[in-house]
Protein chains: 2
Amino acid sequence: MDPARLTPMPTSPISRRGLFGYAGAAGVGGAAGIVGGRAWGLSDAPTPEPPNRVLGQDYSPYGAQQAGIFTPQSQVAELVAFDLLPATDASALGRLMRVWTGDIAALMSGRPAAGDFAPELAQANVSLTALVGFGPGVFELEGLGPSLPAGFQEIPAMTHDRLEDRWNGGDLLIWVTADDATSVSHAVRRLVSDARPFASRRWTQRGFWRPTDASGAAVTGRNLFGQVDGSANPKGDVLEETVLSTDGWLAGGTQLVVRRIEMNLDTWDEATRDRQEASMGRRLSDGAPLTGESEGDDLDLAATADGSTVIALDAHARLAHPSQNRERRMLRRGLNYTHETVVDGAPVDTSGLIFCAFQANIADQFIPVQRSLDQADALNEWTTAIGSAVFVIPPGFSEGGYVGETLLG
Amino acid sequence: MDPARLTPMPTSPISRRGLFGYAGAAGVGGAAGIVGGRAWGLSDAPTPEPPNRVLGQDYSPYGAQQAGIFTPQSQVAELVAFDLLPATDASALGRLMRVWTGDIAALMSGRPAAGDFAPELAQANVSLTALVGFGPGVFELEGLGPSLPAGFQEIPAMTHDRLEDRWNGGDLLIWVTADDATSVSHAVRRLVSDARPFASRRWTQRGFWRPTDASGAAVTGRNLFGQVDGSANPKGDVLEETVLSTDGWLAGGTQLVVRRIEMNLDTWDEATRDRQEASMGRRLSDGAPLTGESEGDDLDLAATADGSTVIALDAHARLAHPSQNRERRMLRRGLNYTHETVVDGAPVDTSGLIFCAFQANIADQFIPVQRSLDQADALNEWTTAIGSAVFVIPPGFSEGGYVGETLLG
């Protein structure tokens with residue numbers, strides 16, 4: 001496979017062309033997966049495609065993978081988890097998937113979905129994606145038990161978890177992203193409304209990300225600690241091996257872990273910058289490893305200075321490094337959140353990261369890495385998992401097909 | 001005055017040049033008020049300024065007005081209201097204003113504020129503005145009573161209000177906007193933190209808006225009913241007369257009403273499109289009056305068809321029209337919101353509009369118009385004010401000055 005094919009942050013129109021493993025939408029020329037992308041705010045005259053744009057895109061709903069896995073991160077996201085209603089069996093789930101597929105195909109094309117109550121809110125060029133996932137409860141439906149993918153399981157309790165049931169679990173997931181919250185909100189409302197006969201909303205997590213630098217060029221982005229977050233994501237062939245399942249009906253799909261990680265910004269702010277950087281093993285300024293020059297450099301875990309390792313033994317980047325985890329990897333797409341709760345009548349903000357990680361096999365990839373971090377990660381001082389959910393992400397679909405058809409068809 | 005000077009949506013670099021009434025930042029050439037604007041995602045090569053860009057801007061913190069009044073709307077906003085602590089007198093308030101001014105000048109220039117804990121989150125070209133307001137409580141401080149501006153008062157109770165104290169009032173306001181939520185969140189955190197010795201947070205309202213169409217061109221934008229919202233905003237000379245006070249220390253400043261208006265999307269969706277359009281007096285498709293061809297057309301309130309007025313007697317646009325209100329106007333900047341509350345353990349979303357209106361004199365402008373709408377507005381069926389607050393917005397400041405200096409200096 002062309003290593004450029006799966007680079008998550010495209011750096012040229014050529015690498016982007018085949019990036020997403022999509023079939024191009026009908027009638028679109030060279031740039032498969034990108035339909036009608038145009039620079040923000042420019043006039044109607046066609047403009048040359050800039051080298052690394054991630055906002056103002058249209059992605060095709062069709063392809064080998066669902067959009068929202070390998071597509072570049074956008075600015076706004078909502079994840080909604082649902083509980084299946086008691087009457088929803090595999091056949092009913094298939095009906096919902098056909099409805100959702102129609103919704104997604106329309107919304108990603110900038111068209112209102114069938115029955116859309118606010119059709120004018122459907123917009124093209126907003127980088128909209130809508131990803132569908134199946135929680136463990138789907139495999140408790142009659143007839144679907146034998147289709148439980150290998151390695152798909154809830155995350156076992158970790159020492160540092162303080163899970164709240166309101167952020168846990170879910171039988172179904174939709175994960176909608178776009179450049180702006182009005183577009184996301186409109187799409188979510190349609191999908192939630194169409195789910196009503198089949199499933200009820202369990203939780204909603206709203207997040208945001210800044211995927212560009214001051215010049216508008218694509219960057220990894222930063223969490224609310226100020227850290228560049230996601231530098232170590234796999235690229236090229238390794239990315240595909242990391243993410244994509246080859247397991248039966250799920251082949252071409254993946255498995256997703258969603259962890260809601262509260263971050264204590266107040267105590268983080270009290271730590272010195274040296275301590276903050278040591279706990280991560282990377283510089284705050286640019287995300288480079290403490291042993292390296294730039295963000296993309298690999299860690300030098302053996303490097304020493306003044307008799308101790310430059311990257312501390314409890315540094316997050318060391319503990320999560322593939323060399324320390326039998327080459328286990330995952331593809332992370334984090335989202336910042338700020339969430340207000342009212343305590344004794346006064347508003348209290350909490351902040352954190354909606355940590356989302358794709359991998360082919362949760363039991364083999366996320367869980368052992370997380371066990372290692374749970375034991376020793378220096379960042380544990382400031383971070384606490386308060387929610388946990390897992391979803392199987394079915395492969396993509398073609399025009400005329402529907403999401404989940406290899407399981408439910 | 002050049003009528004182009006105060007057009008809120010600039011349509012060319014020439015009209016934008018003088019738009020905000022700002023002094024240009026030091027060292028910046030022709031485009032005063034816009035520093036280093038550059039098209040999203042383009043490479044480092046300078047690109048021609050597109051005709052109507054509203055994202056990816058830098059605005060000067062200095063000028064005759066604070067930024068955030070006449071600057072184009074951005075995508076993300078947080079409004080934070082504070083209660084003054086008992087020990088905060090006028091002198092202490094002046095100290096806070098000097099600190100906030102330093103913060104704002106830095107953050108709007110893409111630089112970290114003094115003592116910034118996450119300096120890398122300060123970004124240029126994110127269209128950041130931060131507006132400061134004084135609530136009624138400021139004029140209860142010793143020595144400031146005589147400075148209460150004419151017409152500045154709380155909004156009297158209206159029949160349709162269902163105000164909740166948690167969204168009401170406040171002695172101070174900051175209103176931060178930017179293209180993305182990470183930038184907003186970072187700026188708000190700094191401002192809230194620096195206020196801690198002087199004031200405690202009372203409420204936070206988070207909103208979003210989509211100020212561009214699919215091509216990236218500036219548009220009025222839509223609320224969550226799908227309505228184009230803000231079409232009737234004054235332009236040119238009338239805008240300045242509408243918004244800017246000429247009253248003593250407040251000259252060049254303005255008065256702001258913030259109403260949190262819950263919108264019942266479910267019952268709105270049940271209404272026919274005809275009924276939805278009749279209740280507004282404008283078309284959903286493009287915001288044009290039911291008597292007109294395009295959004296900018298004035299209403300023809302006398303036009304009849306089949307024996308009744310085309311624009312119904314209870315249509316929102318009729319009741320709010322200046323001709324029905326002794327030419328009283330206001331400048332509206334709405335923000336959509338979705339707010340989750342947990343009821344019996346289950347998440348429930350509410351949606352609505354953070355209605356923000358600037359005018360020179362609240363008693364003379366907002367209140368009589370609102371009384372008229374409260375009596376008869378057809379939209380009242382689906383909308384309910386659940387929060388209300390008023391703030392005086394001091395004039396802008398120059399380098400070396402500070403916000404509020406004409407009151408506190």
Side-chain angles (χ1 to χ4, degrees), chain A residues 38-44 50-56 75-76 110 117-121 123-126 166 179-183 185-186 189 201-204 206 208-210 212-218 221-222 224-226 228 265 268-269 284-285 336 338 340 342 345-347 349 351, chain B residues 38-44 50-56 75-76 110 117-121 123-126 166 179-183 185-186 189 201-204 206 208-210 212-218 221-222 224-226 228 265 268-269 284-285 336 338 340 342 345-347 349 351:
Chain A
R38 201 192 295 163
W40 269 118
L42 296 179
S43 68
D44 284 344
N52 50 8
R53 253 162 42 73
V54 295
L55 303 176
Q75 296 199 132
V76 180
F117 290 118
E120 286 82 7
L121 295 180
Q123 294 256 322
N125 293 21
V126 296
R166 62 163 303 202
D179 293 338
D180 73 284
T182 303
S183 299
S185 159
H186 170 252
R189 186 163 155 70
R201 197 158 65 101
R202 180 181 176 88
W203 51 252
T204 300
R206 299 189 164 91
F208 49 92
W209 199 249
R210 181 163 166 78
T212 52
D213 68 11
S215 78
R222 291 179 185 272
L224 295 177
F225 282 166
V228 178
L265 301 189
W268 174 258
D269 286 349
L284 285 160
S285 60
N336 300 323
T338 302
E340 183 185 278
V342 177
D349 272 349
S351 293
Chain B
R38 200 192 294 164
W40 267 119
L42 295 180
S43 67
D44 285 343
N52 51 8
R53 252 162 44 72
V54 294
L55 302 176
Q75 296 199 132
V76 180
F117 290 117
E120 286 82 6
L121 294 181
Q123 294 257 321
N125 293 22
V126 295
R166 62 163 304 200
D179 294 337
D180 74 283
T182 302
S183 298
S185 160
H186 169 252
R189 186 162 155 71
R201 196 158 66 101
R202 181 182 176 87
W203 51 253
T204 300
R206 299 188 164 91
F208 50 91
W209 199 249
R210 181 164 167 77
T212 53
D213 68 11
S215 78
R222 292 179 184 272
L224 295 177
F225 283 165
V228 178
L265 301 189
W268 174 258
D269 287 348
L284 284 161
S285 60
N336 300 323
T338 301
E340 183 185 278
V342 176
D349 272 349
S351 294

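Convention: sequence-line order gives letters A, B, ...; per-chain numbering from 1.
Only the side chain of Arg206(B) comes within contact range of chain A, judged by heavy atoms closer than 4.5 Å. For chain A, the nearby parts of Thr182(B) are the backbone and the side chain; heavy atoms of each come within less than 4.5 Å. Heavy atoms closer than 4.5 Å to chain A are found in the side chain of Ser183(B), but not in its backbone. Contact annotation for Ser285(A): both backbone and side-chain heavy atoms come within less than 4.5 Å of a heavy atom of chain B. Trp209(B) touches chain A through its backbone: at least one of N, CA, C or O sits under 4.5 Å from a heavy atom, while the side chain does not. In this structure, chain A has no heavy atom under 4.5 Å from any part of Val228(B). Both the backbone and the side chain of Glu120(B) come within contact range of chain A, with heavy atoms under 4.5 Å apart. Contacts between Val76(A) and chain B at a heavy-atom distance below 4.5 Å are absent for every atom of the residue.
For the pair Thr338(B) and Ser185(A), the tightest heavy-atom approach, listed with the atom from each and the gap, is OG1-OG, 4.1 Å. The shortest heavy-atom contact between Ala124(A) and Ala214(B) is O-CB, 3.4 Å. In plain terms, the two heavy atoms of Gln75(A) and Asp180(B) that are nearest each other are OE1-CB, 3.8 Å. Taking each heavy atom of Asn125(A) and Arg210(B) in turn, the nearest pair found is O-NH2, 4.4 Å. Taking every heavy atom of both residues into account, Ala118(B) and Gly226(A) meet most closely at CB-CA, 4.4 Å.
With sequence neighbours excluded, the residues that form a side-chain contact (heavy atoms from CB on, under 4.5 Å) with Arg189(A) are Leu265(B), Asp266(B), Asp269(B).
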